[in-house]
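Sequence positions, counted from 1, serve as the residue numbers for this chain. Both backbone and side-chain heavy atoms feed into the values below; hydrogens, waters and symmetry mates do not.
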Amino acid sequence: METNLLRRPIPLTAIALLAIVVHAPFLFMQLPLTTSYDANLHVFFASHYAHHWFNPWNEKWFAGFSQTTYPPLGHQWIAVFSLLVGLRMAYMLVQLAAIVLLAIGVYRFARLWVDERAASYAAAFSVFLGMVSFLVYSAGQLSTTLSAPIYLLALPYFYHWSRSADGRALLKGVVLVLAAASVHHVTLIFGSFLFALPVIWLACMDRKPETSVLSVLFRAAIFAVLAGIGVGAVLFPYWVEIIRHPIEQIPIPHASRSNLLLNMNYLINYFIVPYGALILAMPVVIWLGAGSRRLRPLMLGFWVALLLGLGGTTPVPKWLFGRAFEILTFERFTLSAALLALPIVGLIAASLIDRFGGKAAGALTLASVLSMALAMGWLTWSPFHTLSGLNVNSVVEFLNRGGHDHYRYLTLGFGNALPKVSTYAHANSVDGEYNSARLLPEMTHYGSAQLTSSKFFGTAGMESLRAMLKHANNYGLKYIFVHDPYYEPMIAFAGWRQIESYDSGSITVWSKEDVPPARPIQSDAMPTPLEGLLWGTLPMGSSILAIVLAILLPDRHKARGRFVPFPVRTTEPEFAREVR
């Protein structure tokens, strides 16, 4: 009885419930808002849409910036849910939806390559994947964790259209691609190569006898052209902004570009923790993938993503990306490598369970749980700690009373707590946490990211801060909140004096008397009303259309018990024979 049960696929509904049971407690405790780098940034963006849906111009950072520089769909869904449960819990609901969709997306993507049972194992493993926990609870990269599963859901339709010219697959696949791009365009761009090329290769191998390779490639090209036109239209305001103001700032250092072998903390943070027990399976993934004609495209995609995810450890990323290497971060490739490996890992798991029964199932479960436990434990053990949990209530209260919001402010030593201040304070800041939107010369002319963390960027950071203090009157910069005494001598010398302190002196407030009230800064980066209308309708419309199509146009193959159509095989698949 036990053997028969272990040989059955795990129901997809059970996997979705598993994802909810495992991650919902951490999310409902709002853990990402206190432990991750970017979760509060996404809440800040969503807060703007909740109040100004059709106006992407946000005056709260950089004395004004356009949110059309960042695809809006994830933030807009948070804004919608915030009307019911508030911003913080709305973020958690969207993040939980992303985790559940990832398990479903992994299952459907894996079904292109392996049987239903192996695909179900791959989906179950994705729930405990160290990289997922790393992105959710440490990095806080909601856009990556939400766009990746939507893209995975689009790939089977891309395969089916390319192989058999199903018009429904074309329509649903293209709409899902638009929704994925509306969440995060960068994930889509790189995923097109790492995921789509292996899928095209597979479609050519699985083509019908009467279909030529050129026909498959032609249909794939049609899909790509339609998706490209659609993405161009849905994100039109983004492309306008990028053309108008290309990113030409001095590159800002990022640890993921480092040689991981030269720093043990970086190696743990960007390799051991994200992959976890998957590291043990990598040699088998490569061996099995290389030896199977069907799995070879998947293995090659995994291998390329693995090399790219190592950042500066190998010369490959620099060769491929050139100058773009200095502005990319490379965690996204680690996620891609893990997702590309999972179908083969599911196949390995099925073989081990067939051979060793319950012992193998127990060992695989333990390895999965330990992978997630390592990622969660690293939140405590890691030498890299955020300030997202800093209590900023007193700062927000100060800015919202006594007409203080007539002036701009600056925080020093607040790190990732800055978005928390900006979300709830009425006043505007000259600083911000989103590097690509910066247009102020005091920031773009130096290799520094945020002013609030200036000292961590060495001379470049302090020169950037010094330039901003020098031009304080031009921006109406009157108040500075300090959470690090390191900055106090500099701002005192620049003419500020301390007026208040909070939390037993851990936060001090400094003011400069001769600063005039802040005035709006006119910029040609301000979106037009038409761009605001497009930004408020097309991205959200793409996701709603995807949901409607899923309901009104159910997959025809579902009646046959398959989520993705395969060539029917009457004998045991080649890859199943090989693994045994």
query: Can you find a side-chain donor-acceptor pair between S36 and S138 that sits under 3.5 Å?
result: no
query: Which atoms form the tightest heavy-atom contact between L146 and G74, and what is the distance?
result: CD2-CA, 3.9 Å
- line: For I10 and A124 the tightest heavy-atom approach is CD1-CB, 4.1 Å
query: Is any side-chain N of the basic residue among R108 and D555 closer than 4.0 Å to the acidic one's carboxylate O?
result: yes
message: Return the OG1 to OH distance between T386 and Y37, rounded to the nearest 0.5 Å.
response: 6.5 Å
message: Test your reading of the model: is there a side-chain donor-acceptor pair from D431 to the backbone of T452, 3.5 Å cut-off?
response: yes
field: H75 (side chain) donor-acceptor with A46 (main chain) under 3.5 angstrom
entry: no
field: Inter-residue atom distance L27.CG - L93.CG, 0.5 Å rounding
entry: 9.0 Å
- prompt: Counting N and O atoms only, with roles assigned by atom type, does the side chain of K60 sit under 3.5 Å from a partner on the main chain of P419, one being a donor and the other an acceptor?
  reply: no
- prompt: Any side-chain heavy-atom pair from N269 and F134 closer than 4.5 angstrom?
  reply: yes
Side-chain donor or acceptor of T411 paired with backbone N/O of L418 under 3.5 Å: no
- request: Taking atom types as modelled, find out whether T508 and W510 have a side-chain donor-acceptor pair closer than 3.5 angstrom.
  value: yes
- prompt: Between the side chains of T68 and S66, is a donor N or O closer than 3.5 angstrom to an acceptor N or O?
  reply: yes
- prompt: Would you call E531 and R244 a salt bridge, using N to O less than 4.0 angstrom?
  reply: yes
F398-F481 aromatic ring centre distance below 6.0 Å: yes
query: For the side chain of S429 and the backbone of Y409, is there at least one donor-acceptor N/O pair under 3.5 Å apart?
result: yes
query: Crowded around F54 CZ? As in, over 12 foreign heavy atoms under 6.0 Å?
result: yes
- prompt: Does any donor atom in the side chain of H23 or Y137 lie under 3.5 Å from an acceptor atom in the other side chain?
  reply: yes
field: Residues S422 and W61: side-chain donor-acceptor under 3.5 angstrom
entry: yes
- prompt: Going by distance alone, is a donor N or O of one side chain under 3.5 Å from an acceptor N or O of the other, for Q67 and N58?
  reply: yes
query: Can we say R401 and E500 salt-bridge, meaning some charged N sits less than 4.0 Å from an Asp/Glu carboxylate O?
result: yes
Any side-chain heavy-atom pair of N40 and N416 under 4.5 Å: no
message: In terms of relative ring orientation, are Y238 and H185 parallel, tilted or perpendicular, with 30° and 60° separating the classes?
response: tilted
- prompt: So among Y121, Y107, F125, which one has a side-chain contact (heavy atoms from CB on, under 4.5 Å) with L342?
  reply: F125
message: Is there a ring-ring contact (aromatic ring centres under 6.0 Å, His included) between Y157 and W161? Walk through the geometry before answering.
response: CA-CA 6 Å; Y157 295 113; W161 158 255; over 10 Å; no
- prompt: Is it true that atom OH of Y424 has more than 12 heavy atoms of other residues, nucleotides or ligands lying nearer than 6.0 Å?
  reply: yes
message: Can you tell me if F384 has over 12 outside heavy atoms packed within less than 6.0 Å of its CZ?
response: yes
message: Is there a side-chain contact between H42 and S143 in this structure, where contact means two heavy atoms from C-beta onward sitting under 4.5 Å apart?
response: yes
query: Please walk me through it: do S523 and F65 pass side chain to side chain contact (heavy atoms under 4.5 Å, CB included)?
result: CA-CA 9 Å; S523 171; F65 77 101; over 6 Å; no
message: What's the separation between atom CG in N55 and atom NE2 in H48, rounded to the nearest 0.5 Å?
response: 5.0 Å
- prompt: Okay, side chain of R408, backbone of Y475: is any donor-acceptor separation there less than 3.5 Å?
  reply: yes
query: Under the side chain to side chain contact (heavy atoms under 4.5 Å, CB included) criterion, do L153 and L101 qualify, and how do the steps go?
result: CA-CA 8 Å; L153 291 171; L101 284 175; 4.2 Å; yes
- request: Starting from the C-alpha separation in whole Å, work towards a yes-or-no answer on side chain to side chain contact (heavy atoms under 4.5 Å, CB included) for M92 and Q95.
  value: CA-CA 5 Å; M92 302 306 155; Q95 182 62 86; 5.6 Å; no
statement: Rounding to 0.5 Å, atoms CD1 (I150) and CG (L155) come to a distance of 12.5 Å
message: Can you see whether Y49 engages W535 through a side-chain donor-acceptor pair at a distance of less than 3.5 angstrom?
response: yes
query: Do L387 and F414 have side-chain heavy atoms sitting under 4.5 Å apart?
result: no
- prompt: Do F45 and Y434 have ring centroids that are under 6.0 Å from one another?
  reply: yes
task: Carefully, step by step, assess M376 and L31 under the rule side chain to side chain contact (heavy atoms under 4.5 Å, CB included).
output: CA-CA 11 Å; M376 300 304 292; L31 189 63; 3.7 Å; yes
task: Would you please indicate if the ring centroids of F330 and H254 are separated by under 6.0 Å?
output: no
message: Please check: side-chain N/O of S453 versus main-chain N/O of Q450, any donor-acceptor pairing under 3.5 Å?
response: no
field: Distance flag, aromatic centroids of F190 and F195, threshold under 6.0 Å
entry: no
